[in-house]
Amino acid sequence: MRSRHARLVRRSEQYTMWKYAAVAAASRAFSLNSSTRWVYRRLGNVALTRMRVADGLPERYVDRARRLLAACETNRILRPGDAVLELGTGWVHWEALVLRLFHDVEITLYDVWDNRLFTAFRCYADQLDDHLDDLGEELGFDPARVRTAHERLGAARSARTFDELYDTLGMRYVVEPSGMLEELPESHYALVVSADVLEHVDAATLPAYLARTTALLRPGGWSLHQIDLVDHFHYFDPSCSPKHFYRYDTATWRRRWDSSVQYVNRVQRPEWLDLFEAAGLQLRREERVSEPMGDVPLAGAFRGLAQEDVDCLQTILLHRRPEPAVPHQGTSTENPAAATIAPASRH
């Protein structure tokens with residue numbers, strides 16, 4: 001009886017996850033070679049532009065802006081003239097744009113391929129203008145500072161190309177296919193920031209990658225990363241669990257589902273915490289977005305996860321690179337628990 005029930009469950013799963021399987025198969029087909037990957041990006045960018053313009057600025061992007069600005073303000077992360085690095089700057093340079101409106105900083109926009117969508121950028125920038133007053137009021141910004149943000153956004157919205165945007169706001173765009181941050185200066189950045197990027201970095205290179213981001217930060221510099229812990233095929237097929245990929249061991253996942261164009265490293269919260277610590281960063285604050293996942297099948301290394309980690313869909317991590325120890329008498333007045341970030345919505 002139990003064997004028959006198991007067969008029925010498997011058949012039911014196969015029937016309900018056809019979208020999941022179809023997207024995975026298409027992703028694997030587009031991953032065959034450089035030509036198919038180029039076609040994937042071109043088709044994807046056309047579709048994404050239409051979708052993003054039609055849907056408008058998502059509320060979760062406003063949440064990200066609020067959280068980022070609050071973290072910088074509360075922890076006094078940025079000073080005029082500081083350098084900021086946005087990793088995986090993607091379609092619209094969102095985190096970089098928000099920071100530049102309220103801070104006099106130099107920003108490097110980093111990516112592994114040119115994924116920019118100027119029409120989508122213009123759409124989001126136009127709608128961001130409607131939120132600046134509310135953001136300023138919520139965060140207690142001086143009205144003059146909010147007016148300056150409106151002026152800078154107006155100048156950005158008048159740009160006709162990304163190159164004009166960079167000239168206007170003092171940004172630099174870097175595409176480095178290796179993705180290992182080799183072209184960037186060490187001990188230079190006051191802040192390294194990313195959103196929904198690190199889960200796409202090859203798991204095998206993560207230790208070296210995070211060590212490199214630490215080296216890029218100046219002593220006392222900060223990093224703020226939003227990491228999506230969800231099976232990304234779930235976004236195409238919500239009938240499957242957000243943690244559907246837990247049921248596959250590494251070999252099965254690579255053989256049946258993995259691809260380069262939809263790569264997700266499946267690294268989960270405890271391992272992320274260990275990786276950042278090994279890279280030499282001090283955790284100053286964590287926020288989590290969680291939902292009860294219930295009894296999810298766990299394969300391979302996932303079997304050791306605590307229920308709270310199974311339920312965790314997104315983690316937002318604020319770290320700091322330690323400053324060199326200076327011999328002195330007395331104790332430091334710095335309180336690690338005082339570092340704060342605002343909660344974020346789910347991806």
Please report, to 0.1 Å, the donor-acceptor pairs under 3.5 Å made by any side chain of residues 89-97, with sequence neighbours excluded.
from: Thr89; atom 1: OG1; to: Glu86; atom 2: OE1; distance (Å): 2.9
from: Thr89; atom 1: OG1; to: His93; atom 2: ND1; distance (Å): 2.6
from: His93; atom 1: NE2; to: Tyr166; atom 2: OH; distance (Å): 2.8
from: Trp94; atom 1: NE1; to: Tyr61; atom 2: O; distance (Å): 2.9
from: Glu95; atom 1: OE1; to: Arg64; atom 2: NH2; distance (Å): 2.8
from: Glu95; atom 1: OE2; to: Arg64; atom 2: NE; distance (Å): 2.9
from: Glu95; atom 1: OE2; to: Arg64; atom 2: NH2; distance (Å): 3.2

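The aromatic rings of Trp253 and Phe233 sit tilted, their planes meeting at an angle between 30° and 60°.
Ser223 and Leu281 make their closest contact through OG-CD1, 4.0 Å (heavy atoms, listed as atom of the first residue, atom of the second, distance). The minimum heavy-atom distance between Tyr110 and Leu181, with the atom names listed, is OH-N, 3.0 Å.
Other residues, nucleotides and ligands contribute only 12 or fewer heavy atoms inside 6.0 Å of the CD atom of Glu137. For CG of Asp55, the number of neighbouring non-hydrogen atoms (other residues, nucleotides, ligands) closer than 6.0 Å is greater than 12. Counting non-hydrogen atoms of neighbouring residues, nucleotides and ligands closer than 6.0 angstrom, the CZ atom of Arg50 reaches no more than 12 such neighbours.
Donor-acceptor pairing under 3.5 Å is lacking for the side chains of Tyr40 and Asn45. Residues Asp163 and Thr161 have side chains that never bring a donor and an acceptor to within less than 3.5 angstrom of each other.
With sequence neighbours excluded, the residues forming a ring pair (Phe, Tyr, Trp, His ring centres under 6.0 Å) with Phe102 are Phe141, listed by chain and number. Considering only residues two or more places apart in sequence or on other chains, Asp82 meets the side chain to side chain donor-acceptor pair (under 3.5 Å) condition with Arg218.
No side-chain donor-acceptor contact under 3.5 Å links Asn265 to the backbone of Ala203. Of the possible donor and acceptor atoms, none in the side chain of Asp228 sits under 3.5 Å from a partner among the backbone N and O of Asp196.
In this structure, the ring of Tyr248 has its center less than 6.0 angstrom from the ring center of Trp257.
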> Under the side chain to side chain contact (heavy atoms under 4.5 Å, CB included) criterion, do His200 and Gln262 qualify, and how do the steps go?
Replying inline: CA-CA 8 Å; His200 299 293; Gln262 280 289 339; 5.6 Å; no
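At a threshold of 4.5 Å between non-hydrogen side-chain atoms, the residues Thr250 and Arg254 count as touching.
Remark: Arg321 is not positioned above the aromatic ring of Trp222, lacking an NZ or CZ atom under 6.0 angstrom from the ring centre and at most 45 degrees off the axis.
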